[in-house]
Amino acid sequence: MAYDRDLAFVYRQPTRIVFGEKTVNDTGIEVSELGCSRAFIVTDPGVIEAGLVERVEKALGSKYSGVYDGCIQDTGIHVINEAAAAAKEAGADCLVSVGGGSVIDTAKGMAILLKEGGKLEDYSGFQLLSRPQTPHVVVPTTAGTGSEATMTAVVKDWDKHQKYLFSDNYIIPNVGILDPTIVEGLPPGLTATTGMDAFTHAIEAIHTIQASPIADAMALQAIRLIYEFLPRCVEDGSDLLARGQQQCAAAMAGIAFDNAQVGIPHALAHSLGGIFKVPHGLANSIVLPHCMRFNLEECADRYALIARAMGLDVSGMSEMDAANAAIDAVAAFTGIIGVPQKLRDVGVPEDGLQEVSELAMGDGCVVYNPALIYESDQLLGVLKEAW
Ligand SMILES: [Fe+2]
């Protein structure tokens, strides 16, 4: 059995979650609650164009101290240096990130630089910080990464083509404001792929070797909500009830995997993104059912829990049959929400799979996978199935 019920664990969840339609109007109140009075907005041009930053700026009123709108996909050291300098110049005492995963990661890096100074690279690693960092309020504009409630940030050095991972309790954001009207305009394709990132987080939190009963509770409820509400979000973006449930699910899935970690679906997705620029949620979505099949022998009991969370009728079935039903339903789900099914359909050449498998072997997520990964050929086999 992959799930050791005697495993010791620490569960943490320090982020204050503020949920509801138009709660973005309370951003100023949340900043005051943190004891701050000069909030600096961190965002990207697309979010500005969608008119979302304007709403946050208005909500901040006299507590607004400035904005940095130069965030890019796969944030970089150079971006964070520039943004932190702008925030310092503005006399900021807290950060309000308005955007998706990369914007939030930018602000996490800025939070360190504004507090500690020096070179950001020096804080890359696991739990290297020793005190609370610059207060950070997140207004997510997608419902997938769960980054508003997680301890990690991934930052690229664009000159050296190197990635830095920051994993620290002290960069978990203080507040996440989940306002369904903020994600209302997200197009169906992005809604589906970012939503599948959250679905993958939740399923991975169930199958990793670091799963725990409290993280399970978060993950299983996230699976229930995503299975029910993500198709509704894709079909009708203005369905605010569905949008809100998906936002809650993404945050819960983030909390779950922040505690329980993730395994080979994310290791492969990181490599597919790094080498072939496959968007994170899309890569996860394609490899997820194949990774589950690969792991099946190790955690059929865990996948049976997922089948029940999805509401499948598995009464009278063996755990193995229920687990297989879960995997089939996960594969069918990606079809229902219109996400591509195969790596060959998203610009990945067959002769590139070897390189992806070798890069993924060095990914930190591999060690938490339920089945032991000891050679890249195991990952290559999964990739071939997904191709
Ligand atoms: Fe992810």
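By convention here, the first residue in the shown sequence is residue 1. Whatever order the structure lists them in is the order used to number ligands and atoms, beginning at 1.
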**Request:** Please determine if Arg293 and Asp328 form a salt bridge, counting it only when a charged side-chain N lies under 4.0 Å from a carboxylate O.
**Result:**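 Yes, this pair counts.
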
**Carboxylate-amine/guanidinium proximity below 4.0 Å for Arg302 and Asp216** =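 Salt bridge flag = yes for Asp216 with Arg302.
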
**Request:** Is it possible for you to check whether Lys384 lies under 6.0 Å from the centre of the six-membered ring of Trp387, through NZ or CZ, and within 45° of that ring's axis?
**Result:**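 Judged by the rule (NZ or CZ under 6.0 Å from the ring centre, within 45° of its axis), Lys384 is not positioned above Trp387.
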
**Message:** To make sure I understand the geometry: which N, O or S atom in His266 is closest to the Fe ion (ligand 1)?
**Reply:**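 Per the distance ranking, His266 contributes NE2 as its closest N/O/S atom to the Fe ion (ligand 1).
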
**Request:** Name whichever N, O or S atom of Asp197 ends up nearest to the Fe ion (ligand 1).
**Result:**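 Atom name returned: OD1.
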
**Prompt:** Given atoms NE2 of His201 and NE2 of His280, what angle do they subtend at the Fe ion (ligand 1), to the nearest 10 degrees?
**Reply:**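 Value, to the nearest 10 degrees: 170°.
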
**Asked** Using the ring of each side chain (for Trp, its six-membered ring), is Tyr227 parallel, tilted or perpendicular to Phe333, with breaks at 30° and 60°?
**Response**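 Geometry flag for Phe333 against Tyr227: tilted rings.
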
